[in-house]
Amino acid sequence: RAFPLRTCRETRFKEKRVCLKYQIKKCLGPCENLISRHRYVEMVSQIRDFFNGDQEGLKKRMTEEMMTLSDKMEFEAAAKLRDRIRGLETLFVKQTVVLPEDRRSIDVFVPHTFDNVSGITLLFIRGGKLIGSRTDIFEDADPHEVLENYILQVYSSVVSYPDMISVFGLEDTEVLHDAVEKMAGRKVALRLRGFAKLHELGLENGKIQTELYLKKLAKRKDISTRLKEITDYEGEIKRVECVDISHLGGKGTVGVSVVA
C-alpha cells in the first residue's frame, strides 16, 4: 500500500496489460504506462530512503508533495499520496528504536534452538530502528553449522547491502567476510561480539516464531489424522492435491492445481 510497485514477472509485464494487483490498488500499472517513468523511479528512490532509515525525512517530503498537489487542485493524486502516507505511518508504529546512537544499516543473524527445533533469526536495523525480521526453521540441521551458507544465500538475492552485519555463533569468518564484500562490491563491516540487546531481541523473536511453527505443525498433523479417518486411508498422507476447474458461461475454461 505504501509502495505499490509491480511484482509480476518480466514475461507478464511485457504483455502490457494490467492485472488484478492494479485493480486492488497494489500496483500503479506501469505495464500500460498508467504512471510516468519519472514518478515510478521516484517511488523506487523513496523505497531506498525508507530502508536506509530516513523514514521521517521521507514522510516529510511526501507530505509536502501532497500539499503541493492539493494546491494545484489535483485532489485525486493528493488523495492517493495521502493513503500512501497513512500506510507508511502504520509501518512507523511497528518499528522499535534499538540503537538510538547508531544510524548505520545493520543486519543481525542470531542462530537458536528451542524445544529441539533449530532456526536462524535475521533482524534488519535501519537508522537505529528495527524495521523488520525473518526467522527460518531448520528441522534437521545445527543452526551454527548452516549459518555461514545461510548468510551467503541471503545476500545472493539482494541488491542493497547493509553497512554492517553482526553474526552470533561464528568464530572464523574471514572467508564469509570476503565473500560478502565481493558480492556487495564495497566494504561491509562484520561484527561477532557486542550488541547484546540485539542478540536478546533475536532470541525472543526466534522463540515466538518457533512456537508458532510448532502450533502449525500440530494443527497440520491433526488435519492429516481427520482426513485419514474421513477417507478411511491407513497409510501416511504425504501429499494433498486440490484441482478446480472454472469457466464463464462455458467459455474461458481455466484449471488450477494446488499441491501441499
Side-chain angles (χ1 to χ4, degrees), residues 1-10 12-14 16-108 122-134 154-165 180 183-189 198:
R1 182 181 176 183
F3 301 113
L5 297 180
R6 74 178 182 93
T7 57
C8 59
R9 296 177 182 271
E10 195 65 21
R12 180 71 178 83
F13 178 74
K14 289 180 179 179
K16 297 186 181 301
R17 185 175 59 190
V18 294
C19 62
L20 179 63
K21 290 291 182 69
Y22 175 77
Q23 305 297 336
I24 62 176
K25 304 185 185 305
K26 288 192 175 182
C27 178
L28 296 175
C31 56
E32 289 194 24
N33 295 319
L34 298 177
I35 178 174
S36 68
R37 181 179 179 83
H38 171 73
R39 292 286 295 164
Y40 198 81
V41 171
E42 187 179 58
M43 191 181 302
V44 173
S45 177
Q46 290 173 349
I47 292 177
R48 289 198 183 100
D49 291 341
F50 177 83
F51 284 107
N52 285 332
D54 187 24
Q55 293 92 348
E56 293 299 331
L58 174 59
K59 180 182 176 182
K60 180 180 178 181
R61 290 190 293 274
M62 290 176 67
T63 301
E64 290 173 350
E65 183 182 356
M66 180 184 68
M67 298 304 295
T68 299
L69 289 170
S70 180
D71 291 340
K72 293 180 179 179
M73 292 191 290
E74 297 181 23
F75 299 119
E76 185 176 349
K80 290 180 179 179
L81 196 54
R82 177 204 61 203
D83 292 341
R84 289 183 55 210
I85 293 172
R86 288 177 178 174
L88 276 177
E89 289 174 342
T90 301
L91 294 175
F92 294 155
V93 170
K94 295 179 181 178
Q95 295 176 2
T96 304
V97 176
V98 289
L99 293 175
E101 304 300 325
D102 199 327
R103 307 299 297 175
R104 292 174 296 179
S105 57
I106 306 172
D107 290 349
V108 184
L122 170 55
L123 305 177
F124 302 97
I125 314 298
R126 300 294 184 268
K129 297 179 181 179
L130 174 66
I131 67 168
S133 67
R134 61 179 274 190
V154 167
Y155 291 124
S156 67
S157 58
V158 301
V159 294
S160 179
Y161 293 80
D163 299 323
M164 171 187 287
I165 60 175
V180 172
M183 288 189 287
R186 61 173 175 81
K187 292 290 185 181
V188 177
L198 297 183

> Shortest non-hydrogen contact from Ile165 to Pro162?
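Closest heavy-atom pair between Ile165 and Pro162: CG2-CG, 3.7 Å.
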> Just by distance, do the side chain of Arg17 and the backbone of Glu32 share a donor-acceptor pair under 3.5 Å?
no
> How long is the span from the NZ atom in Lys72 to the OG1 atom in Thr68, to the nearest 0.5 Å?
6.5 Å
> Just checking Arg9: does its CZ atom have more than 12 heavy atoms from other residues, nucleotides or ligands closer to it than 6.0 angstrom?
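Check fails, neighbour count at 12 or below.
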> Return the CG to CE distance between Leu81 and Met62, rounded to the nearest 0.5 Å.
4.5 Å
> To the closest 0.5 Å, what do you measure between CG (Leu122) and OG (Ser133)?
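Going from CG on Leu122 over to OG on Ser133, the span is 8.0 Å.
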> Please check: side-chain N/O of Asp163 versus main-chain N/O of Ser105, any donor-acceptor pairing under 3.5 Å?
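Indeed, once roles are kept as given, a pair shorter than 3.5 Å links the two residues.
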> So does Asp107 pair up with Arg126, basic N to acidic O under 4.0 Å?
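Arg126 and Asp107: salt-bridged.
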> Check this for me: Glu64, atom CD, are more than 12 non-hydrogen atoms of other residues, nucleotides or ligands nearer than 6.0 Å?
yes
> Kindly give the heavy-atom pair with the smallest separation between Pro4 and Arg84, and that separation in Å.
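Looks like CD-NE, 4.1 Å.
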> For atom OH of Tyr22, is the number of surrounding heavy atoms from other residues, nucleotides or ligands below 6.0 Å larger than 12?
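Not buried by this count: 12 neighbours or fewer within 6.0 Å.
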> For Leu198 and Leu123, work out which heavy atoms get closest and say how close.
O-CD1, 3.5 Å
> Please check if the side chain of Tyr155 supplies one atom and the backbone of Tyr161 the other of a donor-acceptor pair under 3.5 Å.
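Absent.
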> Would you indicate whether Arg61, at its atom CZ, is surrounded by more than 12 heavy atoms from other residues, nucleotides or ligands within a distance under 6.0 Å?
yes
> Of the non-hydrogen atoms in Arg6 and Tyr40, which two are nearest, and what is the gap between them?
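That would be N-OH, 3.1 Å.
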> Measure the spacing between CZ of Arg103 and CG of Leu99 and express it to the nearest 0.5 Å.
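Rounded to the nearest 0.5 Å, the CZ-CG separation comes out at 10.5 Å.
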> Side chain of Arg104, backbone of Ile106: donor and acceptor closer than 3.5 Å?
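A pair under 3.5 Å: no.
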> Within a strict 4.5 Å, meaning less than it, do heavy atoms of the Cys8 and Lys21 side chains meet?
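No, side chains not in contact.
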> Considering non-hydrogen atoms only, spot the tightest contact between Arg12 and Cys19 and give its length.
NH2-CB, 3.2 Å
> Take a 6.0 Å sphere around CD of Glu101 and say whether it holds more than 12 heavy atoms from other residues, nucleotides or ligands.
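Not more than 12 within 6.0 Å, no.
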> Would you call Leu28 and Lys80 a side-chain contact if the rule is heavy atoms closer than 4.5 Å?
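No. Closest side-chain heavy atoms not under 4.5 Å.
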